[in-house]
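Input: a single structure, listed below in structure tokens.
Being a predicted model, the structure only gives us computed values, none of them experimental.
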Amino acid sequence: MARKPPRWYFSFGSAYSWMAYRDLTARYPDVAEAIEWRPFWEPDDAHHDDLESSGVRLPYVELSREKFLYVLQDVRRLAVERDLRMVWPVDRSPNWEVSHLAYLVAADHGRGRQFVDATYRARWQEGLDISSPEVVAGIGAGIGLDPALLGTAWQDPEVRARGLEALDASYRDGVFGVPYFIDGYQRFWGVDRLPGFVSEVRHRMAAATAAAR
């Protein structure tokens, strides 16, 4: 069986995933280019029911008040360490399908990385509601894509089917939170585990280069 490429699971809803994105692209651009980027999100009711009927149960746990307050403090510390100015968004009725399914479409058009960057910036630095199709459409326009194409991706049956496949893949990969990094049998969870993942990937890349000589 062929070895799967190294990959990381990200979510626009996670501040820790945002931090990992910033670190990955700024500190380890070679690894960022060498790995697969896969979205992970809490599905809407229709996708949730489809997954349940297939025996897929994604491990979502609602944050307690105490843990939420801790995360607020912790994320702000991480932002200060990275000299980032952030805005904590207010999620009144989040629909994560809107932004994450739009990512799949942006990636199809060679703008996946640009979409990730713009969406993280919109949510965590500008405080915009990325559950809004209008906001996501504006992000699409900003990266040179048809705004309607991205703003309506979450309603497109073909894109929704691909989203279901993406969530099923995360289940099979054992993903239980983000950021989540995988290289072979090695799993790394959390932004603080990124350096270990980078080390594994670079070691494997060096070994492959040496073997090809």
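A pairwise comparison of heavy atoms in Val105 and Ala153 identifies CG2-CB, 3.7 Å as the closest pair. Contact between Gln186 and Phe188 at its shortest, heavy atoms only, is CB-CE1, 3.6 Å. Between Arg111 and Ile143, the shortest heavy-atom distance links the atoms NE-O, 3.2 Å. Closest non-hydrogen pair, Ala102 versus Val136, comes out as CB-CG1, 3.5 Å.
For an aromatic pair to be called close, the ring centres must be under 6.0 Å apart, and Trp8 with Phe181 satisfies this.
Considering Phe40, Tyr9, Trp189, Tyr171 as possible partners of Phe176, the one that fulfils the ring-ring contact (aromatic ring centres under 6.0 Å, His included) test is Trp189.
Proximity of Arg187 to Ile182: side-chain heavy atoms (C-beta onward) are separated by under 4.5 Å at one or more points. Under the 4.5 Å side-chain criterion, counting only non-hydrogen atoms from C-beta, Val31 is in contact with Leu24. Side-chain contact between Trp124 and Trp88: present, with at least one pair of heavy atoms (C-beta onward) separated by less than 4.5 Å. Considering only heavy atoms from C-beta on, Asp168 stays 4.5 Å or farther from Leu164 through its side chain. Residues Gln73 and Leu69 fail the side-chain proximity criterion, which asks for heavy atoms closer than 4.5 Å. Between Val159 and Trp154 the shortest side-chain heavy-atom distance does not fall below 4.5 Å. Under the 4.5 Å side-chain criterion, counting only non-hydrogen atoms from C-beta, Glu33 is in contact with Arg113.
For residues 9-28, the salt bridge (Lys or Arg N to Asp or Glu O under 4.0 Å) pairs, not counting sequence neighbours, are Asp23-Arg27, Asp23-Arg82. Each salt bridge (Lys or Arg N to Asp or Glu O under 4.0 Å) pair with one or both residues in residues 88-106, not counting sequence neighbours, appears once here: Asp91-Arg123.
Not counting sequence neighbours, the partners of Ser17 by the side-chain hydrogen bond (donor to acceptor under 3.5 Å, both in side chains) test are Tyr120. For Asp192, the salt bridge (Lys or Arg N to Asp or Glu O under 4.0 Å) test picks out no residue, with sequence neighbours left out. Take Asp108 and apply the salt bridge (Lys or Arg N to Asp or Glu O under 4.0 Å) test, not counting sequence neighbours, and it matches Arg162.
The distance from atom NE2 of His109 to atom CG of Leu104, rounded to the nearest 0.5 Å, is 12.5 Å.
Although no hydrogens or angles enter the test, the distance criterion places a donor-acceptor pair under 3.5 Å between the side chain of His100 and the main chain of Phe12. Not a single donor-acceptor pair under 3.5 Å links the side chain of Asp173 to the backbone N or O of Val175. Distance alone, capped at 3.5 Å, is enough to place a donor-acceptor pair between the Ser64 side chain and the Lys67 backbone. Under the 3.5 Å distance criterion, the side-chain polar atoms of Arg38 are left unmatched by any main-chain donor or acceptor of Phe10.
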Could you pull out every donor-acceptor pair under 3.5 Å between side chains of residues 196-212 and any protein atom, sequence neighbours left out?
unit_1: Arg202; atom_1: NE; unit_2: Asp30; atom_2: OD2; d: 3.0
unit_1: Arg202; atom_1: NH2; unit_2: Asp30; atom_2: OD1; d: 2.9
unit_1: Arg204; atom_1: NE; unit_2: Asp183; atom_2: OD1; d: 3.3
unit_1: Thr209; atom_1: OG1; unit_2: Met205; atom_2: O; d: 3.0

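Ionic pairing of Arg121 and Asp117 is present here: one or more N-O contacts between side-chain nitrogen and carboxylate oxygen are shorter than 4.0 angstrom.
Ring planes of Phe115 and Tyr103: tilted class, angle from 30 to 60°.
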